[in-house]
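Here the structure comes first, spelled out in C-alpha cells, and everything after it is commentary.
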Amino acid sequence: MSGGDKLDFEIRPNAAPVSAADRAALLANPGFGRVFTDHMVTVRYADGKGWYDARVEARGPIPMDPASAVLHYAQEIFEGLKAYRTADGGVTMFRPDANAARFATSAQRMAMPVLPPEVFVDSLHKLIEIDREWIPTGEDGSLYLRPFMFASEVFLGVRPANEYLYLVIASPAGAYFTGGVKPVTVWVSPDYTRAAPGGTGAAKCGGNYAASLAAQAEAIEAGCDQVVFLDAVERRFVDEMGGMNVFFVYDDGTVVTPPLTGTILPGITRDAILTLAGAAGHQVEERPVSFADWQADAVSGRLREVFACGTAAVVTPVGGVRFPDGEFLIGGGKPGRVTMALRQQLVDIQRGKAADPHGWVQRVF
Ligand SMILES: *Cc1c(COP(=O)(O)O)cnc(C)c1O
C-alpha cells in the first residue's frame, strides 16, 4: 500500500522466543541498550511504490549489501522513547506523537521520505503489544523503543537514495542511576563543535553522534562524564551536550535554556521541562548563555543549578564543569532543589503517579 497514512502490519511471531525463565533473568538487571526483545518492526520504502511490507517479525540480523548507501554516506535518522507499565497492569508511552513529528522533520533534513506519523505511532503499539512481557516491572524500569530509518539502496552515487528501511527495536532498561541520582561532571570542549548553522544539529541523525565521539573521548580522558558543546561560530554560547539539552537555574528562580536556532536538538524532555517549570511559577527563558557568564555566575553564586535532560536519564544534575584552563562547581557539586523537583514531577507524570494536565501520556492498552 502506498501514499495513504495507514499501513497493515503483518504479524509473524518469533518461532523461538526467549524462554520465560531466561527473560526473567535478563530483566533482573538489563542495564541500558544491551538486552533486546523477541521482535522488531520492519517497513520498506521505494520511490514510486511508497511504504510497503510492514511487518512485526522475529528480531534478527538484517541482510545488507556492502554498497548499501547508508554505509557510505550516513543517510540515517533515529528516535528514542520509553514505554512504561502502569499500576493497573496497562502500558503507556510518553508523547509518541512528538517523536513521530520529530522523526518527520529529521527525515526532511536528511532528504529522506517521511513516514506518516500515524504509521510511526502504530508501529510502536504493534511492537509493544507483542513484546509486552519484556517491559520491566520494577519501579524504575521501562522499555526503551528505538525507531530508526536508513538508506538501503545499493548505490554508491551521491544523491538521496530511492530505497529505505524503517525499523523499530526495543530494549528493556533498568534504573538509569543505580543508588540514587548522581550529579555529572561535564567537559567544555575547546576543540570540537557539534553543529553549525545550516547543518544537521536539529535532526536526530546518527552522523551527529559520530561527530561527537572524539569530544566525548576527550571528556572521559579529562575525567568527565559528558561533553558540553559551544556554538560553532563564536565558540562562546552553550549549545547542548552530545545527547542531552542543558538548563540553568538562577537564584531568583529563573529557569533558562538555550533557544532552538537550528543547531540544537529540540528535545521532548526539554519541551516538557519548560512547560513544567512555567506551571510551577518559575520565570522561564529561552536565550543564549555564554560560557563566560556560566562560569562567572557559578562563582558568584547567582547560578544555583545546572541540569541536562533527555529521554534516557530524564534529568541529570550537573555538579561540576571542567575546561582546559580550570574547573568550577555548581551548587557545591550537589543536586539542586529545583532540578530534583522538576525531575520528580516529570517522572511521576510519565509513570502515571501524577495527573497529566498536558495530555502527554498515551495509553497503549
Ligand atoms: C535525543 C537528543 C536529545 C534529547 O531529546 P529527548 O527528546 O528529550 O530525548 C538532546 N540532544 C540530542 C543531541 C539528542 O540526540
Side-chain angles (χ1 to χ4, degrees), residues 27 30 32 37 41 78-105 115-147 168-177 181 204 243-245 247 255 257 265-282 284 307-316 339-365:
L27 289 180
F32 180 80
T37 65
V41 164
F78 67 95
E79 273 302 327
L81 71 163
K82 287 174 173 175
Y84 305 91
R85 258 187 217 274
T86 58
D88 63 1
V91 178
T92 60
M93 283 189 281
F94 186 72
R95 304 184 73 181
D97 300 322
N99 293 92
R102 189 170 66 189
F103 198 64
T105 54
L115 181 74
E118 300 76 6
V119 176
F120 179 96
V121 174
D122 193 31
S123 72
L124 304 176
H125 281 245
K126 292 287 187 303
L127 188 59
I128 292 169
E129 277 161 28
I130 199 162
D131 281 336
R132 62 181 298 173
E133 296 303 327
W134 284 95
I135 307 175
T137 43
E139 180 71 356
D140 299 319
S142 60
L143 185 65
Y144 182 79
L145 301 162
R146 169 54 63 86
V168 189
I169 54 175
S171 177
Y176 191 89
F177 295 102
V181 172
K204 209 166 174 74
M244 286 191 278
N245 297 114
F247 278 81
V255 172
T257 195
L265 201 284
I268 295 161
T269 318
R270 174 188 180 279
D271 183 76
I273 293 282
L274 283 171
T275 302
L276 292 178
H282 292 279
V284 172
F307 63 87
C309 68
T311 294
V314 191
V315 167
T316 305
T339 300
M340 294 308 282
L342 288 169
R343 179 187 164 82
Q344 197 59 49
Q345 269 186 49
L346 184 50
V347 167
D348 285 349
I349 293 173
Q350 289 173 331
R351 296 195 171 269
K353 290 183 183 164
D356 174 29
H358 310 289
W360 287 335
V361 173
Q362 195 184 97
R363 193 106 194 165
V364 181
F365 47 78

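None of the values given here were measured: they were computed from a predicted structure.
Closest non-hydrogen pair, I135 versus A83, comes out as CG2-O, 4.2 Å. Across all their heavy atoms, K82 and S142 have their closest contact at CD-OG, 3.4 Å. Nearest approach of P172 to L143, heavy atoms of both residues: N-CD1, 3.5 Å. Scanning both residues, V121 and A100, for their nearest heavy atoms gives CG2-CB, 4.1 Å. Smallest separation of non-hydrogen atoms from L265 and N245: O-ND2, 3.0 Å. Residues T86 and V91 come closest through the heavy atom pair OG1-N, 4.1 Å.
Between D97 and Q362 the shortest side-chain heavy-atom distance falls below 4.5 Å. The closest side-chain heavy-atom distance from T316 to V181 is not below 4.5 Å. Taking the side chain as every heavy atom from C-beta outward, W360 and I268 never approach each other to under 4.5 Å. Counting only heavy atoms from C-beta outward, the side chains of I130 and T37 never approach each other to under 4.5 Å. Counting only heavy atoms from C-beta outward, the side chains of N99 and M93 never approach each other to under 4.5 Å. Looking at heavy atoms from C-beta onward, F94 lies in side-chain contact with L346 at the 4.5 angstrom threshold. Side-chain contact between T339 and R343 is absent, with no heavy-atom pair separated by less than 4.5 Å. With contacts defined as side-chain heavy-atom distances shorter than 4.5 Å, the pair I273/F307 qualifies.
With rounding to the nearest 0.5 Å, the separation of OG1 in T275 from NE2 in H358 is 6.0 Å. Atom CG of residue D271 and atom SG of residue C309 lie 10.0 Å apart, to the nearest 0.5 angstrom. Atoms OG1 and CE, from T311 and M244 in turn, are 11.0 Å apart once rounded to the nearest 0.5 Å.
A donor-acceptor contact shorter than 3.5 Å is absent between the side chain of R85 and the backbone of G90. Between the side chain of D356 and the main chain of V361, a donor-acceptor pair closer than 3.5 Å is present. Of the possible polar contacts, one joining the R102 side chain to the P266 backbone as a donor-acceptor pair under 3.5 Å is found. Not a single donor-acceptor pair under 3.5 Å links the side chain of R351 to the backbone N or O of Y84.
Between D88 and R363 there is a salt bridge, since a side-chain N of the basic residue sits under 4.0 Å from a carboxylate O of the acidic one.
For F120, the ring pair (Phe, Tyr, Trp, His ring centres under 6.0 Å) criterion is met by F103, not counting sequence neighbours.
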